[in-house]
4 protein chains.
Amino acid sequence: MEKIRIGIIGAGRIGKLHAENVVKLPEVELKAISDIFAEQIIEWATSLGIKKVTNDYKTIITDPEIDAIFICSPTNTHTDIIAEAAAAGKHIFCEKPISFDIGDTKKSLQLVQEAGVKLQIGFNRRFDHNFKKVREVVASGKVGDPHIIKVTSRDPNPPSPDYIKVSGGIFIDMTIHDFDMARYLSGSDVEEVYVQGAVLVDPVFDEYGDIDTAIITLKFENGCIGVIDNSRKAVYGYDQRVEVFGSKGSVTVANDHPNSVEVSTEECVYHDKPKYFFLERYQEAFIEEVKLFVECILHDKDTVVNGYDGLQAELIAYAAKKSWEEKRPVKLAEFHDEIKIMA
Amino acid sequence: MEKIRIGIIGAGRIGKLHAENVVKLPEVELKAISDIFAEQIIEWATSLGIKKVTNDYKTIITDPEIDAIFICSPTNTHTDIIAEAAAAGKHIFCEKPISFDIGDTKKSLQLVQEAGVKLQIGFNRRFDHNFKKVREVVASGKVGDPHIIKVTSRDPNPPSPDYIKVSGGIFIDMTIHDFDMARYLSGSDVEEVYVQGAVLVDPVFDEYGDIDTAIITLKFENGCIGVIDNSRKAVYGYDQRVEVFGSKGSVTVANDHPNSVEVSTEECVYHDKPKYFFLERYQEAFIEEVKLFVECILHDKDTVVNGYDGLQAELIAYAAKKSWEEKRPVKLAEFHDEIKIMA
Amino acid sequence: MEKIRIGIIGAGRIGKLHAENVVKLPEVELKAISDIFAEQIIEWATSLGIKKVTNDYKTIITDPEIDAIFICSPTNTHTDIIAEAAAAGKHIFCEKPISFDIGDTKKSLQLVQEAGVKLQIGFNRRFDHNFKKVREVVASGKVGDPHIIKVTSRDPNPPSPDYIKVSGGIFIDMTIHDFDMARYLSGSDVEEVYVQGAVLVDPVFDEYGDIDTAIITLKFENGCIGVIDNSRKAVYGYDQRVEVFGSKGSVTVANDHPNSVEVSTEECVYHDKPKYFFLERYQEAFIEEVKLFVECILHDKDTVVNGYDGLQAELIAYAAKKSWEEKRPVKLAEFHDEIKIMA
Amino acid sequence: MEKIRIGIIGAGRIGKLHAENVVKLPEVELKAISDIFAEQIIEWATSLGIKKVTNDYKTIITDPEIDAIFICSPTNTHTDIIAEAAAAGKHIFCEKPISFDIGDTKKSLQLVQEAGVKLQIGFNRRFDHNFKKVREVVASGKVGDPHIIKVTSRDPNPPSPDYIKVSGGIFIDMTIHDFDMARYLSGSDVEEVYVQGAVLVDPVFDEYGDIDTAIITLKFENGCIGVIDNSRKAVYGYDQRVEVFGSKGSVTVANDHPNSVEVSTEECVYHDKPKYFFLERYQEAFIEEVKLFVECILHDKDTVVNGYDGLQAELIAYAAKKSWEEKRPVKLAEFHDEIKIMA
């Protein structure tokens, strides 16, 4: 195999982002891209040197000259495409979440396993320079056994009402990244979840049975405990910080800023706000995740974020949703049978 | 009234601390101090110019030349002494908690109210330069309506097993300060509490039915939500940070350090750990709280931290204890009758 | 003109760096590269899609299909190549310094002016996210009139003795970047220079009449004063900081770090050292400078760092050298005739 | 000797400051204070418990019940008072500078030496928590041999024209503290000085032959080099930072701030300005220096900042003045005979 030949399904914001990163990798040829509005992306695709632009994603899956598929279409299409791609023997990079239904997600993972193809889930934050370093510090034992995991994750602005409506709710749409981060940093699966939430940013969240502000308590299987706090609107920009506190110390990570300039005036000392949103903040992490996916295929290694990771984050999200609805702590064991199958 | 004449009951660590701060105030005369081991403190008391040292605290309360009493004896003696001091018309500065029983605490507050004396509870952190500034920023509206309140509070070392045994448990002994801080910063009472906890530092906590690591979720009456994380052992020193996140921004406070020196070497860039424990960290705050207590008496003003504040923090502590025991969120309204009486 | 067609002369570290950045620009075609060891770069050049690799740079200059030349060969070849490129009507990007002789530099600028081609000097730091922002703050008037300009610039490791020998000395080789930065930040030319220096890192510098540690005082034409401190060896990595202090405040910039992770342990609180050296630190700035050069050609605008800037930095470097040799402050007016011609 | 009995000469700002600190020391009795406007300080002195208030300083010097004298009167009275105090066998704490004349200063030191009394000069910054720690780090060898010493020292506001007139100029009045700091941090005497200066803050400085902005380059006897930058007006408050850069690393110290609160808003992230001026910034250092002076007397130890230190700082100040006047680097050896006598 000389170059990995890739096809992308879905040319929305994230599909385009992956396309632009993938074409810069010397080991990759981006052969094809599909979108239901194919005609609107032809000029852009041509400028990237993509040969095939189609509105029929199936022709990408059946293309014998394609080795791997990026699934960047809406969530409700993921499991069908995974099934087809696995059947066609293509490696799969799938955006999170795999699906809105744990049964569907499980079935996808089985199909992938049976087909023997690789699957990577788009938890890009694991590849961020900061969080990778935090995990290294934890894994090295420098802070001892983890006791408390803290994740702060706040968006600069809420999505549009149209998006909120179909997002699946804050836990599966937004906090799912933080659930994965909590597992990544702690090195442990989650046992129990409790949610305290509120609608404080915009009443529109209430209209769709959703919330915009949340504090989620986690109990991990390895005994440590954790907390995530979320808001859909931090006026000062994307707020992405974590802390792992352990028996030998603590490791924290502050926000990334566009520069390290500080101005002192008669009023105060100030500097620029954090980087605006995920495109700015995780620019390098998005590149890193596709590099590693390609490397896994080239050298036949396991993907770093696999189907089990995708499923676990979804399970925590569903437990969180249940906790919020029933105003009580919820154990993941309530979904026990599903988990067992996959372990 | 020329000078406020003060008597201190209990000359343990905190009683001595208050004594040493009080003697530096020009508006105060520290007349008397009592301790059950009076003979052991005579030399120290003399060096401070304290005229009367006794093992009978009642002679301080009945001394007509004393205006105000500091209660620094063990918690189980507080309510009796409050009753006697109030009856004698003395103003009262009482260390936290007022008692281990909400009924007793309520009764103390009633006696104080009937006697018309002033009562201040020893929540010293409200007087800290950092937290005072955070509260100012919040109260000024600079960060808008509070949405999320976060308190990190970790001790450098657990107390001795002897102390743990009689401490009343982490919530009433340690977290009670954080409960008060959460109320202070949010400007709101608390409605509901949920605790996720663990014994990760030392199994001795388990022996006494206590925990050493906790994440406590709070729902406030004004609609905002909050979280406190506690540990009995942070190897890098006393960890005391807060954040108030609101509709217009966020205000955070970092730990105080003994200096602002930074060393860059071939290995890394490092600086000193935070200040070791509360004596170092809150040195100025302890001075400030007694200054303000004296000022309230001198100018007949309300105390800044009053009996209601003491009761509320205790109520949250009891709700937290119940939440931990019953593994469920607990509303303070479950203690409704008690609260109503005091409001 | 559809795409700017570029040829690079010299494929050492900096020539390769520019090549790799240039090929990523959509408006550019990198057509040719020359090096005296052409055969050693063929594989690398092919992987970048460069069609022509030659050991005869003159064939690049005479190539009618090339619009602009990057001069990345040794300094002693610069003025000859500039003369030939200007005669051939090519736009020129030239690495610093233009030459080791002010007369030669002046002559080059005259030829460029007569030929009407664009010339940009490789002062990459002007394009750095941090320094650009500092300049913006100064230019906006936010810190008022500049009073004191400070530049700290320390390399992580000295160059090899072979390089030191031909480098022209610390001022023309290393500090020249800081001289340009001082002019850029102050918005003023320099009037006088004084050097206090030493050989403290490695006696080899002394062997070549060079120094490795220096403090250079500057007096600017606009009345403000400044200081640069240099070392050839900062064990903790590349140290690149500036400060502009003015009548209304001050603006500082701290080093860039590879991440914002901080670890607290029983010993201390530490974080990673600054980014290692200029390749890591100015990665984005190198991209930015070639982008802007290409843009100047495409839209027929003046280059941001022009020949005058190159000459001024060289003049300061020569005045610094003279100051060090003669142990006295040296005015740039001592080189007056040369400057007048160019102004 | 039970308690050190102290008399203070001069009750201006600094005399009062020392008085208020001295009365808090348990090993000290502040017996007497003199001022030419004695009647204006009687109330204040009484509130501190000072028994004797006089306008005739000689009665303090001749008082057999006084062990040590603090000289806080104007500089032009220092050497006379030192002579009288030394003759009377009193230990001396003298504010900087000792005098405006090196010959006079030398003579004072000789008298002190002959009398065998202790002399401490008021270089309070050596006792600051930050600078003490920097010196510790340097002395421990953690940053290796010092190569570059940097001192930033800027006042928040210029003194009044009346004061400027009699101040002796920026070097002997203000920079003298920085000269002492440079010697303290480097562990070396100074060999050569060069000044680049300007009047940028207020033309009144020019009227008195003074400057308000300066960059002073230092060459130390141990081979390292240094730079001090001064301004009489930093609008953002007192700016007091240092750096020692050495063969094994670097140690820096940032300004002290009144709190560690940071506010993030839609516009920027900001925190409070540094502490306002020396009273706020060096509050603890002023206490520490008198504590140590008292300790030296009590335990018959050498003072930490002695007459030699006072003389050296003055010599550097005079060399700086000469450098500024003659626009050339000035070696301290030009004052060679004077130095030799004292060494």
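Just so it is clear, the model here is predicted, and its values are computed rather than measured. Per chain, numbering begins at 1; letters A, B, ... match sequence-line order.
The local environment of CD in C:E43 is sparse, with at most 12 non-hydrogen atoms from other residues, nucleotides or ligands closer than 6.0 Å. More than 12 heavy atoms of other residues, nucleotides or ligands sit less than 6.0 Å from atom NZ of A:K132. Summarising the local packing, NZ of A:K291 is surrounded by 12 or fewer heavy atoms from other residues, nucleotides or ligands at distances under 6.0 Å. Other residues, nucleotides and ligands place more than 12 heavy atoms under 6.0 Å from the NZ atom of A:K233. Within 6.0 Å of NZ in C:K52 there are more than 12 heavy atoms belonging to other residues, nucleotides or ligands.
If you measure heavy-atom distances from A:D128 to chain C, you find no contacts under 4.5 Å at all. With a 4.5 angstrom heavy-atom cutoff, A:V134 touches chain C via backbone and side-chain atoms both.
Residue-level contacts of residues 257-266 of chain C with chain A, in order of numbering, are C:P258, C:N259, C:S260, C:V261, C:E262, C:V263, C:S264, C:T265, C:E266; threshold 4.5 Å between heavy atoms. At a heavy-atom cut-off of under 4.5 Å, chain A is reached by no residue from residues 13-29 of chain C.
Remark: C:H129 NE2 to A:D272 CG distance equals 11.0 Å, nearest 0.5 Å.
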